[in-house]
Amino acid sequence: PYLCRPSRAPEAVPTARRPFVGSYFQSRIGLIMNPKFATLLLFFLVPTGVFSAPGTDFAVGKSPARITFGGEHVWVTNAGSHTVTKIRTSDAATIGEYPVGQAPVGITFDGENIWVANRSGGTVSKLRASDGETLGTFVLGSEPFGITHDKAHIWVTQRQSNTVTKLRASDGEIVGVFDVGKVPVAVVSDGKDLWVANRDAHTVNKMQTDGTILETIEVGRTPVGLTF
């Protein structure tokens with residue numbers, strides 16, 4: 001795996017089975033959100049770590065923030081429009097734009113439904129992926145930001161409280177709140193454990209699903225993204 005830091009090429013991390021960590025100001029890999037112009041921009045990463053020429057722009061809502069893949073579609077949160085956009089991957093056609101909470105940022109697909117962390121609204125939205133219908137809105141408070149799933153549960157980082165909240169995927173009930181590092185902004189599951197990027201602590205926590213912190217790893221300054 002690779003560790004990315006600002007103004008530097010990707011750097012190998014010598015520990016096996018670690019997620020990719022993105023630091024502030026780094027370019028995104030693949031479809032890149034362009035908040036200023038409300039578009040998605042396609043880039044490719046070559047082996048040297050240098051990005052090739054851009055591909056095609058795709059119009060989305062205002063201030064696109066995060067993106068996830070869900071079957072035959074990609075879903076984009078539009079923080080300025082309070083919506084999510086669904087785009088078909090085969091031809092980049094926009095299938096729909098659906099309302100969620102205020103300032104949606106994090107987004108994840110659990111295999112059936114889309115879950116969205118609404119930063120300003122303090123809520124998490126659950127949408128049916130097939131048609132964008134809202135199935136539930138769950139109150140968390142304290143600025144939910146990053147979000148992921150482990151099939152049975154949804155995990156949400158909360159920046160103001162420096163915590164990660166665990167919700168039951170079947171009904172959205174909160175089943176745990178766990179302390180992590182300062183200003184957690186991203187979380188990902190590796191299929192067994194959770195990894196949390198703590199922006200202001202410049203660390204990543206490896207955490208069991210019962211909330212036990214297994215490891216705290218120092219990374220580059222201001223980590224803001226994770227993938228596995």
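Computed from a predicted model, the values in this text were never measured in an experiment.
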**OP:** Start with the C-alpha distance between Q158 and E143, add both sets of side-chain angles, then the distance that settles side chain to side chain donor-acceptor pair (under 3.5 Å), and finish with yes or no.
**Re:** CA-CA 5 Å; Q158 295 186 253; E143 201 171 349; over 6 Å; no
Which atoms form the tightest heavy-atom contact between [X] and [Y], and what is the distance?
X	Y	value
G225	A186	CA-CB, 4.0 Å
V76	I107	N-CD1, 4.4 Å
P144	N118	CG-O, 3.3 Å
G101	H82	O-CB, 3.4 Å
K62	S81	N-OG, 2.6 Å

Original post:
Which pairs count as ring pair (Phe, Tyr, Trp, His ring centres under 6.0 Å) when at least one residue sits in residues 99-140, sequence neighbours excluded?
Top reply: W115-F138
Subject >> Test side chain to side chain contact (heavy atoms under 4.5 Å, CB included) applied to D150 - qualifying residues, sequence neighbours left out >> reply: A152, H153, W155, S189, T209
**OP:** Could you tell me whether the side chain of K182 reaches within less than 4.5 Å of the side chain of N198, counting heavy atoms only?
**Re:** no
Hey, are [Y] and [X] close enough side-chain-wise for a donor-acceptor pair under 3.5 Å?
X	Y	value
T85	N78	yes
T83	E97	yes
D179	N162	no

Donor-acceptor under 3.5 Å ([X] side chain, [Y] main chain):
X	Y	result
T68	W75	no
D110	N113	yes
T77	V105	yes
T157	G146	yes
K86	S130	yes
T89	E72	yes

**OP:** Treat each ILVMFWY residue as a node, draw an edge where side-chain heavy atoms are under 4.5 Å apart, and state whether W195 and V219 are in one component.
**Re:** yes
Original post:
Do F145 and V139 sit in the same hydrophobic cluster, where Ile, Leu, Val, Met, Phe, Trp and Tyr count as joined when their side-chain heavy atoms come under 4.5 Å apart?
Top reply: no
**OP:** Please name the residue in the list V164, T163, T216 that meets the side chain to side chain contact (heavy atoms under 4.5 Å, CB included) test with V196.
**Re:** V164
**OP:** Measure the CG-CG distance between N205 and D193 for me, rounded to the nearest 0.5 Å.
**Re:** 12.0 Å
